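Every chain is numbered from 1, with letters handed out A, B, ... down the list of sequences. This structure is a prediction, so every number in the text was calculated from the model and none was measured.
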Protein chains: 2
Amino acid sequence: MTAPSEAQPRGTRLPRIARRRQLLAAAQQVFVERGYHAAAMDEIAERAGVSKPVLYQHFPGKLELYLALLEQHSEALVEKQRAALQSTDDNWQRVVASFKAYFDFVSGEGGAFRLVFESDLRNLPAVREITEQTTLRCAELIGEVIRQDTSVSDEEAHLLSIGLVGMAETSARYWLSRGTIPKDAAEQLIARLAWRGISGWDLTRH
Amino acid sequence: MTAPSEAQPRGTRLPRIARRRQLLAAAQQVFVERGYHAAAMDEIAERAGVSKPVLYQHFPGKLELYLALLEQHSEALVEKQRAALQSTDDNWQRVVASFKAYFDFVSGEGGAFRLVFESDLRNLPAVREITEQTTLRCAELIGEVIRQDTSVSDEEAHLLSIGLVGMAETSARYWLSRGTIPKDAAEQLIARLAWRGISGWDLTRH
DNA sequence: GCGTCCCCTTACGGACGAGTAAGATAGCTC
DNA sequence: GAGCTATCTTACTCGTCCGTAAGGGGACGC
């Protein structure tokens, strides 16, 4: 935990756009560390080396500030997932890339995965909508691939995809907190588990 | 959403133990509906047909009330999981029973799974400890079975188990909210996915 | 039917934190 | 260097909700 990216000595004026970026960065730090409820606007402002009203000149309220971050990172995850699945035609490689996308997301983005996967504001419909849609959209991307190559029904493909997404989310989160297995190895291991599960689905009698 | 189990007409006296049970039930309703932060002690008391100080005669504070519920249901899930894995020696049946345990948990207990899986108080160390340990303990139970029948390392068995647990949690939660597939079918489908993934692990060259 | 105890009530204190009003100051233009 | 504007600050209001102090009323013994 170093001092804020406050190369500026508290009092420096900044053009609007730069200030906004800085405020978002400070807000993310605090929201990730403390969660929505325990995060105080005063602390966000302070960490940006600025006073509270400045925050309110850029964002109408605490909720909008939070939503801006949540949407940004939610979108980033879905985009990573889309890119992973489009990166190859080989389904095994697709699975590998897809899981790597989750492990990358959890490893990077300044801990933003906590906003998307562990939000403490999920009881607010607007937030629940975003977090659930993130999971559903990722699942839907995977579901399309499954439907192309198997004869399962749409509903079944949907549930299978959700299961795989849940596996990715959870294993990535707990892999990170434990930190004993190299990232590559963890990705490969979970990808194998998923690939064994889903590949050649139609070939076995259930 | 019916009236509280308030057969008593607001003013009835109750022996301590019965009152405590009733308070816990009311608290669970409110915590599940609103989450920890949006739940007001006033509403919990009101829903139990009682005034606030009565609540404080049974629980020292809001947090302790919440923890009592969280621990109870967390324990219930782990116990269900343990029972499922002990219920048979056949590993395929074990997988089926194990996933059924998750779907049962999510379907029952008055929505208590929201406390364990979607707590909005996870930023409090005491709560994070409980929710994470729930996942880890369930995973560990599964991990033991995996280690018995495969030659993977302890670390690998651990991560694989976490992946399977995540698959169970997530698919059960989203199955419930969608509600288009019969419970049996959903359990079987996900169990097949897991079983194909994990069974005969050593037989394939990775 | 009167005292006594336990359970319950109404009504308040106090902390915390979101959002705001009003005023100060830097730095640019001319 | 005087004036102007956009940026920033201090200091406050207001609402919410946890937790509590102090007092009412039913049931039972006598």
Under-4.0 Å salt bridge between Asp154(B) and Arg147(B): yes

Can Glu75(B) and Arg137(B) be counted as an ion pair, charged N to O under 4.0 angstrom? yes

Where the side chain of [X] is defined as all heavy atoms beyond and including C-beta, which of [options] is the nearest nucleotide?
{"X": "Val50(B)", "options": "dT9(C), dC8(D), dC18(D)", "result": "dT9(C)"}
{"X": "Lys52(A)", "options": "dT20(C), dT9(C), dT9(D)", "result": "dT20(C)"}
{"X": "Tyr56(B)", "options": "dT20(D), dC8(C), dA18(C)", "result": "dT20(D)"}
{"X": "Pro53(A)", "options": "dC8(C), dC18(D), dT10(D)", "result": "dT10(D)"}
{"X": "Ser51(A)", "options": "dA18(C), dT9(D), dG19(D)", "result": "dT9(D)"}

Polar contact flag, side-chain donor to acceptor under 3.5 angstrom, Tyr102(A)-Ser171(A):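 No, Ser171(A) and Tyr102(A) have no side-chain donor paired with an acceptor closer than 3.5 Å.
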
State, without any angle test, whether Glu169(B) and Thr135(B) hold a side-chain donor-acceptor pair at a distance under 3.5 Å. yes

Grab the [atom1]-[atom2] distance between [X] and [N] for me, whole Å please.
{"X": "His37(A)", "N": "dC17(D)", "atom1": "NE2", "atom2": "P", "result": "11 Å"}
{"X": "Asp42(B)", "N": "dA11(C)", "atom1": "CG", "atom2": "C1'", "result": "12 Å"}
{"X": "Gln57(B)", "N": "dT20(D)", "atom1": "CD", "atom2": "P", "result": "12 Å"}
{"X": "Arg34(A)", "N": "dG17(C)", "atom1": "CZ", "atom2": "C1'", "result": "14 Å"}
{"X": "Arg19(A)", "N": "dC8(D)", "atom1": "CZ", "atom2": "C1'", "result": "8 Å"}
{"X": "Met41(A)", "N": "dT20(C)", "atom1": "CE", "atom2": "P", "result": "10 Å"}
{"X": "His58(A)", "N": "dC8(D)", "atom1": "NE2", "atom2": "P", "result": "6 Å"}
{"X": "Lys62(B)", "N": "dT16(D)", "atom1": "NZ", "atom2": "C1'", "result": "11 Å"}

So which atom in Ala191(A) and which in Val95(A) form the shortest heavy-atom distance, rounded to 0.1 Å? O-CG1, 3.6 Å

Base, sugar-phosphate, or nothing for Ala38(A), non-hydrogen atoms under 4.0 angstrom?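 No contact.
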
